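All figures in this text were calculated on a predicted structure; none of them were measured in a lab. No hydrogens, no waters, no symmetry mates; every other heavy atom, side chains included, goes into these values.
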Amino acid sequence: MFLILLALLLGTVSTQLVVNTTLPNKEDYAALYQVAVSAYFDENDYTKAQQYLELAIADKRYRDVMLLKCHKRCSPSTDAGSTNELFMFGFVRQEKCTKKCMKELFGEPLSLPLYVIKDFKTRKPYSFLHYSYYMMGDLSRALEAATTHLSHNPSDETMKGNVAYYKSQVGEDGGDVVVPPHETPDSKELYRRGGAAYNSVDYPAAKEALSAALTEYMREVGKCKIFCETGHDRYEARKIPDLSEYSTFQEQLLALYQRVVECRNRCPTRHDNDVSLKLTEDFLPSILNYLQFSEFQTGDVEGAARTAAFYLQLVPGDQKMTGNLKYYLEQLNLTKAPVDSAATEWIKERQLDQEVLATLVGKREIRRRLKEKHSFVLGDLGLVSELNPDKQILWKNLY
């Protein structure tokens, strides 16, 4: 019980939206969040805090979804040419089109305080939300909120205690917790479900969950990369570190582009160090490893061969997987693995991101920073020193 009293420091997720006709319907998520925080701390009005937190989370999610749709609608055609001039023209046109699309939907960009950016990035609104539900007596929704926060902050020991407490009160036996509508099951949750089914020797269920985890992971990485490159709202200070008014246009462009490339390279590895997943290798290879065997056990030998080949592109030379692929190909009477176009494109894009980053900072510099345990990933906003003061390693050694 004492863990609940520490909830002011925690973070979690929301459930079904409780609508009150007296609430604003045109406020942005930053304004809604500020009202919620005020109600939580200053007024001790947890019902009001819950309502405004739900609205803020829903508005942020809607804006993100629409940004992705605007970006996709504004994407240039692939036959636009490949010269530097055409590339830059296409980039500028896409960005202007995306901003125009977002402005038509939401008006002028928001000017966001840094704490709002940081809190939504770390899911801090859910820390207030779970405790608000607790104070309202709705422990089931408090459990959902606390569980979602914990999935994004797996090292939060206090929240682990809160989740255990809620489960003991609502009768959960440790099984799956229903995920609230604001947070659809992500690749980590699907991976956990697949792993549980795999350990229970339920290979059909494992195959289904792990295939969904792979699809969701690819989608998450693609979305993350888009957010590295574009946006609508702005950090209110509008400062861009390391750019001097005396630097040349080329220097400024290169510095900004480096931030984008570093951010893109961080996207595929963000789950690799999640201790809650108990990984013995990186996240994507782990999905593929369990998936290929589940596919084989359910009679999908061609799928198993395709997945094993994908794994070997990520972990070349792995003896166990090389043997598996050889066996699958013998069963199929094939000499080469079936082509997975999505996997091939993913690998090509990943390699290109790595090559561009190595060109920008140099492989020797990458090795040096990794060896000294320094993070060279500056973050989406170039504010890693403020958003991540602990300077945790955010990028694994890919060389």
Side-chain angles (χ1 to χ4, degrees), residues 13 15 140 143-155 159-160 163-164 166-168 170-221 268-315 318 320-325 327-328 331-332 337-338 340 342-343 346:
V13 128
T15 65
S140 294
L143 172 59
E144 292 174 347
T147 300
T148 308
H149 170 78
L150 187 61
S151 72
H152 293 279
N153 301 273
S155 61
M159 191 61 77
K160 289 180 183 178
V163 169
Y166 290 140
K167 285 185 175 182
S168 70
V170 301
E172 284 283 349
D173 59 1
D176 288 342
V177 177
V178 177
V179 179
H182 293 318
E183 296 283 337
T184 56
D186 61 8
S187 57
K188 292 195 299 182
E189 176 61 25
L190 293 166
Y191 173 79
R192 291 189 183 97
R193 295 179 188 178
Y198 185 96
N199 291 333
S200 299
V201 199
D202 186 352
Y203 294 114
K207 176 185 174 182
E208 180 180 0
L210 292 166
S211 295
L214 178 58
T215 300
E216 181 61 21
Y217 170 79
M218 298 292 194
R219 190 192 68 82
E220 289 171 356
V221 171
T269 65
R270 59 181 183 166
H271 297 331
D272 291 349
N273 296 319
D274 189 335
V275 294
S276 71
L277 296 174
K278 301 178 181 179
L279 299 173
T280 57
E281 55 187 337
D282 289 345
F283 185 61
L284 179 56
S286 294
I287 295 177
L288 298 174
N289 191 6
Y290 287 118
L291 178 58
Q292 58 89 24
F293 191 71
S294 298
E295 289 172 326
F296 171 70
Q297 289 292 331
T298 54
D300 184 6
V301 182
E302 183 175 341
R306 196 161 36 238
T307 303
F310 189 4
Y311 180 97
L312 287 171
Q313 288 183 283
L314 298 169
V315 191
D318 183 88
K320 180 180 177 181
M321 195 61 69
T322 299
N324 287 353
L325 179 58
Y327 176 78
Y328 298 149
Q331 297 298 306
L332 295 168
D340 186 332
W346 195 91

Can you name the nearest heavy-atom pair linking [X] to [Y], along with the distance?
| X | Y | value |
| --- | --- | --- |
| Val170 | Ser140 | CG1-N, 3.9 Å |
| Ser187 | Glu216 | N-CG, 3.5 Å |
| Glu302 | Leu332 | CA-CD1, 3.8 Å |
| Thr298 | Lys207 | OG1-CD, 3.5 Å |
| Leu291 | Leu210 | N-CD1, 3.8 Å |
| Leu325 | Ala305 | CD1-O, 3.5 Å |

By side chain to side chain donor-acceptor pair (under 3.5 Å) - contacts of Tyr328 (at least two apart):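 With sequence neighbours excluded, Tyr328 shows a side chain to side chain donor-acceptor pair (under 3.5 Å) to Gln292, given in chain and number order.
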Test side chain to side chain donor-acceptor pair (under 3.5 Å) applied to Glu208 - qualifying residues, sequence neighbours left out: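 For Glu208, no residue satisfies side chain to side chain donor-acceptor pair (under 3.5 Å) once neighbours in sequence are set aside.
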About how many Å separate [atom2] of [Y] and [atom1] of [X], when rounded to the nearest 0.5 Å?
| X | Y | atom1 | atom2 | value |
| --- | --- | --- | --- | --- |
| Lys320 | Leu312 | NZ | CG | 12.5 Å |
| Lys278 | Arg192 | NZ | CZ | 10.0 Å |
| Asp202 | Arg193 | CG | CZ | 14.0 Å |
| Leu143 | Leu150 | CG | CG | 10.5 Å |
| Asp272 | Phe283 | CG | CZ | 8.5 Å |

Side chains of Asp340 and Trp346 in contact at under 4.5 Å (non-hydrogen atoms):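 The answer is no; the side chains never approach within 4.5 Å.
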Validation row: Glu189, Asp186 side chains within 4.5 angstrom (heavy atoms):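 When only atoms from C-beta onward are counted, Asp186 and Glu189 do touch, with a gap below 4.5 Å.
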Sidechain-backbone polar pair: Asp282 side chain, Leu284 backbone, donor-acceptor under 3.5 Å: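 Looks like no, no N/O pair under 3.5 Å.
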Any donor-acceptor N/O pair, Asn199 side chain to Gly195 backbone, under 3.5 Å: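 Side chain of Asn199 to backbone of Gly195: a pair is present.
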Stepwise side-chain contact (heavy atoms from CB on, under 4.5 Å) check, Lys188 with Leu277: CA-CA 8 Å; Lys188 292 195 299 182; Leu277 296 174; 3.9 Å; yes
Tyr290, OH atom: more than 12 neighbouring heavy atoms under 6.0 Å: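 12 or below, so no.
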Residue pair Thr307 / Glu295, side-chain donor-acceptor N/O under 3.5 Å: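 Yes, because at least one side-chain N or O of Thr307 sits under 3.5 Å from a partner of the opposite role on Glu295.
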Worked verdict on Tyr217 versus Tyr191 for side-chain contact (heavy atoms from CB on, under 4.5 Å): CA-CA 10 Å; Tyr217 170 79; Tyr191 173 79; over 6 Å; no
Parallel, tilted or perpendicular, as decided by the 30° and 60° cut-offs, for the rings of Tyr203 and Phe293: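 Rings of Phe293 and Tyr203: perpendicular, over 60°.
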Full working for side-chain contact (heavy atoms from CB on, under 4.5 Å) between Met321 and Asn289: CA-CA 8 Å; Met321 195 61 69; Asn289 191 6; 3.5 Å; yes
